[in-house]
There are 2 protein chains.
Amino acid sequence: MIKLKEVAELASVSTATVSRVLSNTGKVTKKTRQKVLAAMEELNYQPNFLGRQLRRMETKTILVVVPDIANTFFSKVLRGIESVAIKNGYQVLMGDSQNNGQSESQYLNHLRYKQVDGVILLTARTDPRLIEDLSDDYPVVLACEYLEGSRIPTVSIDNISSARKITDHLIKLGHRRIAHISGPMNIILGRDRLKGYEQAMTQNSCEIDQVLVQEGDFSYESGYKSMEKYLALQNPPTAVFAANDEMAIGAIKAIKKHHLSVPNDIAIAGFDDIDMASILEPELTTVAQPTFEIGSTAMELLLCLMKKEQLTKKQYVLEDQLMVRHSCGANKM
Amino acid sequence: MIKLKEVAELASVSTATVSRVLSNTGKVTKKTRQKVLAAMEELNYQPNFLGRQLRRMETKTILVVVPDIANTFFSKVLRGIESVAIKNGYQVLMGDSQNNGQSESQYLNHLRYKQVDGVILLTARTDPRLIEDLSDDYPVVLACEYLEGSRIPTVSIDNISSARKITDHLIKLGHRRIAHISGPMNIILGRDRLKGYEQAMTQNSCEIDQVLVQEGDFSYESGYKSMEKYLALQNPPTAVFAANDEMAIGAIKAIKKHHLSVPNDIAIAGFDDIDMASILEPELTTVAQPTFEIGSTAMELLLCLMKKEQLTKKQYVLEDQLMVRHSCGANKM
DNA sequence: AGTTCTATTGTAATCGATTACATTTTGAAT
DNA sequence: ATTCAAAATGTAATCGATTACAATAGAACT
């Protein structure tokens, strides 16, 4: 493998000069630059970035930890991250934690071991203290998820109010016996969306039947199973708000299995607005998050952290949007 | 930041000994090991892997380039890769090329720059010569995709025979006017599935109407648009074989939009068996690839390449499986 | 030509860990 | 106690690039 020193020899200059040409730093005359470039060309020189990274103590790479890469919601956030990262000379790598806290914390170790300069977490299933501690020493930004009372820079929507908004929507359509398929209760996201549901129910004097709150895990399967439970009740709900679209899709599948109709027999609302939400029939009423913007904002924040700039604002709460489609009966199909 | 040298000082041993404890190589007595571990603990030492990587000239990291991370087909292949990688002490990083050859070739540079030890490509949209050349110097494995007459180790199914098989299935159900929504013609995968379709048609003396072969790009949207074209024909097809499930789903959407029924009016078959294939109604008849096995086999091959072992076999063709569901009318719903 | 200042280039230390080779320690056998 | 081999540990070079600092070349001016 050709190394910088050999290029220097062929071009009859010092390694310093070659390095200056390579990384475009410092002054080099046009003539020597040409000479060096020619030598690189001739030798087909491929720089070993490990050398640079070790010396500069930076990798120009960031890591995004995603709970589920197959979910289009997260892949859109990623697009936002990438657009800002590339513009600033950073590479983006992805880690799929598969909704697993342990796997998540392993990805975090990449920071400690100097494999990446910063991390954007789209999931926070591992011990919150671990994340807090890490963010004392390294650049970490949380997006979509957040931690209560944390000083970690965060970009997200107001999950409570969004959940309240979509539950309100169901209530306005005349539903009073509304069930909720929640996210995991050990995750804030899950708790917040439940809280929004409860607030809407209480504010509209709808009774909250504890049987109508089943805990899911954001997976299609858990949505399906929870819905089966509701359908087995003597007095099933007339509407269901699922804490994400995948579970909502699972619920719809279960309802169809029982030869019932969405929205005529049971209305379904989701959360996230994944691609499938508008493909599936009936098209899913859901809450759209500003995915691209969440990603780009998170990356901007991370850039500031990596430059050790003072952040003027640490918590960004972006606007969501209620997507009224056909699964709740508000729009005719 | 604490470094190895400081640990050595605190433990009153040499850096060599600390390194031996750290990387579990060579002999160290239990007593000194304890001493070193205690010192590491006390200083909260976090090794900088860049040092090790530079010295050993390996990163113990591999990169998987995926054309579309949001597609569950690829995320399942990834699971297979990861399972073997982790067992062998390798980290897996993902790059999303977004079906873009240029982005793909940028990810390949990570090899040249020594950022990763090997690459598994689940896409081959960039210049084949570039990939060939790279694989002369570095460990590269191709999975799902392949290159004609290439010496690059490859794991895939026989796309031609699979496509023939599913087209045969449609023909056996009585269809003769069958359309194909193909993948991109600049990709072998697309050409192979088309070839399989043509073979089945010809062998069964079905006329191949060139109007009934539209080129898509594996996206939902292109499936939708192609189907719209077929529906606008005076004599639309009675069945459509789409070169992947996403396009098949797009086609179904278009059919439903026209208030027609799948499979009663038009039968639809897909390819890949993504999660949505069995969720959507009607459930999609498609070809299931052994995703996990493709991934694990590809990783095994890559391990051999990285160990510079001689490969006994370079081309692995795995068995696919026809998944007969409801979108072609073979099974009653 | 000589002086001064600046622009360019070179020398060598450096980043943090690993490891070839040298040295010391240990323990068993005599 | 002595010898010797094996085991443990230490010393210092090394990986490949970057960069602080030193040295030199070049330009501009008198």
Side-chain angles (χ1 to χ4, degrees), chain A residues 1-40 43-61 89 109-117 137, chain B residues 1-37 39-40 43-61 89 109-117 137-138:
Chain A
M1 211 85 300
I2 306 300
K3 47 171 141 169
L4 186 141
K5 206 174 158 190
E6 301 168 53
V7 175
E9 277 159 17
L10 181 62
S12 358
V13 295
S14 70
T15 59
T17 301
V18 177
S19 172
R20 281 188 272 256
V21 171
L22 183 64
S23 52
N24 254 308
T25 55
K27 299 278 174 124
V28 183
T29 45
K30 200 174 270 182
K31 219 175 68 184
T32 39
R33 158 166 280 113
Q34 294 305 336
K35 229 178 7 176
V36 170
L37 289 175
M40 286 180 172
L43 295 171
N44 188 27
Y45 170 65
Q46 310 283 355
N48 181 334
F49 281 170
L50 290 173
R52 172 187 295 185
Q53 291 173 0
L54 178 58
R55 176 64 219 240
R56 291 199 180 154
M57 289 291 259
E58 63 171 17
T59 60
K60 283 283 174 186
T61 302
N109 282 334
H110 286 236
L111 270 179
R112 295 217 162 85
Y113 302 153
K114 308 290 177 310
Q115 300 289 90
V116 296
D117 297 343
D137 299 331
Chain B
M1 211 84 302
I2 305 300
K3 49 171 140 168
L4 186 141
K5 206 173 158 191
E6 300 169 51
V7 175
E9 277 159 16
L10 181 61
S12 359
V13 294
S14 72
T15 59
T17 302
V18 177
S19 172
R20 281 188 272 257
V21 172
L22 184 64
S23 53
N24 254 309
T25 55
K27 300 275 173 128
V28 182
T29 43
K30 197 173 273 183
K31 220 175 67 184
T32 40
R33 161 167 276 112
Q34 294 305 335
K35 229 178 9 177
V36 170
L37 289 175
M40 285 181 173
L43 295 171
N44 186 29
Y45 169 66
Q46 311 283 355
N48 181 334
F49 280 170
L50 289 173
R52 171 187 298 184
Q53 291 174 0
L54 178 58
R55 176 63 219 240
R56 301 227 251 232
M57 286 293 258
E58 64 171 16
T59 59
K60 283 285 176 184
T61 303
N109 282 332
H110 287 236
L111 270 178
R112 296 219 162 84
Y113 301 154
K114 309 292 177 309
Q115 300 288 90
V116 296
D117 298 343
D137 299 330
Y138 303 95

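Chain letters run A, B, ... following the sequence lines, proteins first, then strands; residues in each count from 1. No experiment lies behind these values; they were computed from the predicted model shown.
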Distance, nearest 0.5 Å, that separates [atom1] of [X] from [atom2] of [Y]:
| X | Y | atom1 | atom2 | value |
| --- | --- | --- | --- | --- |
| A:Thr15 | A:Leu22 | OG1 | CG | 11.5 Å |
| B:Lys35 | B:Leu10 | NZ | CG | 10.5 Å |
| B:Phe49 | B:Thr61 | CZ | OG1 | 9.5 Å |

Toward the 5' end of DNA chain D, by each residue's nearest nucleotide, B:Val13 or B:Met57
B:Val13
Under 3.5 Å, is there a donor-acceptor pair between the side chain of [X] and the main chain of [Y]?
| X | Y | answer |
| --- | --- | --- |
| A:Lys114 | A:Arg112 | yes |
| A:Asp117 | A:Glu58 | no |
| A:Gln34 | A:Lys31 | no |
| A:Ser23 | A:Ser19 | yes |

How sharply is the helix from C:dA1-D:dT30 to C:dT30-D:dA1 bent, taking the axes over five pairs at either end and rounding to 10 degrees?
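Answer for the end axes of this duplex: 40°.
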Does any donor atom in the side chain of A:Gln53 or B:Gln53 lie under 3.5 Å from an acceptor atom in the other side chain?
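Short answer, no.
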Distance alone, cut at 3.5 Å: any donor-acceptor contact between the side chains of A:Gln46 and A:Asn44?
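Result is yes, a qualifying pair exists.
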Taking atom [atom2] of [N] as reference, at what distance in whole Å does atom [atom1] of [X] sit?
| X | N | atom1 | atom2 | answer |
| --- | --- | --- | --- | --- |
| B:Lys27 | D:dG10 | NZ | P | 17 Å |
| B:Gln115 | D:dG16 | CD | P | 14 Å |
| A:Lys31 | D:dA25 | NZ | C1' | 12 Å |
| A:Asp117 | C:dC15 | CG | C1' | 15 Å |
| B:Lys35 | D:dT9 | NZ | C1' | 10 Å |
| B:Glu58 | C:dG16 | CD | C1' | 16 Å |

May I ask you to say what A:Leu54 touches in the nucleic acid, namely base, sugar-phosphate or nothing, with a heavy-atom cut-off under 4.0 Å?
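If one applies the 4.0 Å heavy-atom cut-off, A:Leu54 turns out to touch a base.
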Got a list of protein N/O to nucleotides 17-19 of chain C N/O distances below 3.5 Å?
| residue | atom | partner | partner atom | Å |
| --- | --- | --- | --- | --- |
| C:dA17 | OP1 | B:Tyr45 | OH | 2.7 |
| C:dA17 | OP1 | B:Asn48 | N | 2.8 |
| C:dA17 | OP2 | B:Leu4 | N | 2.5 |
| C:dA17 | O5' | B:Tyr45 | OH | 3.4 |
| C:dT18 | OP1 | B:Arg52 | NE | 2.5 |
| C:dT18 | OP1 | B:Arg52 | NH2 | 3.0 |
| C:dT18 | OP2 | B:Ser19 | OG | 2.6 |
| C:dT18 | O5' | B:Ser19 | OG | 3.4 |
| C:dT18 | O2 | B:Arg55 | NH1 | 2.6 |
| C:dT19 | OP2 | B:Arg56 | NH1 | 3.1 |

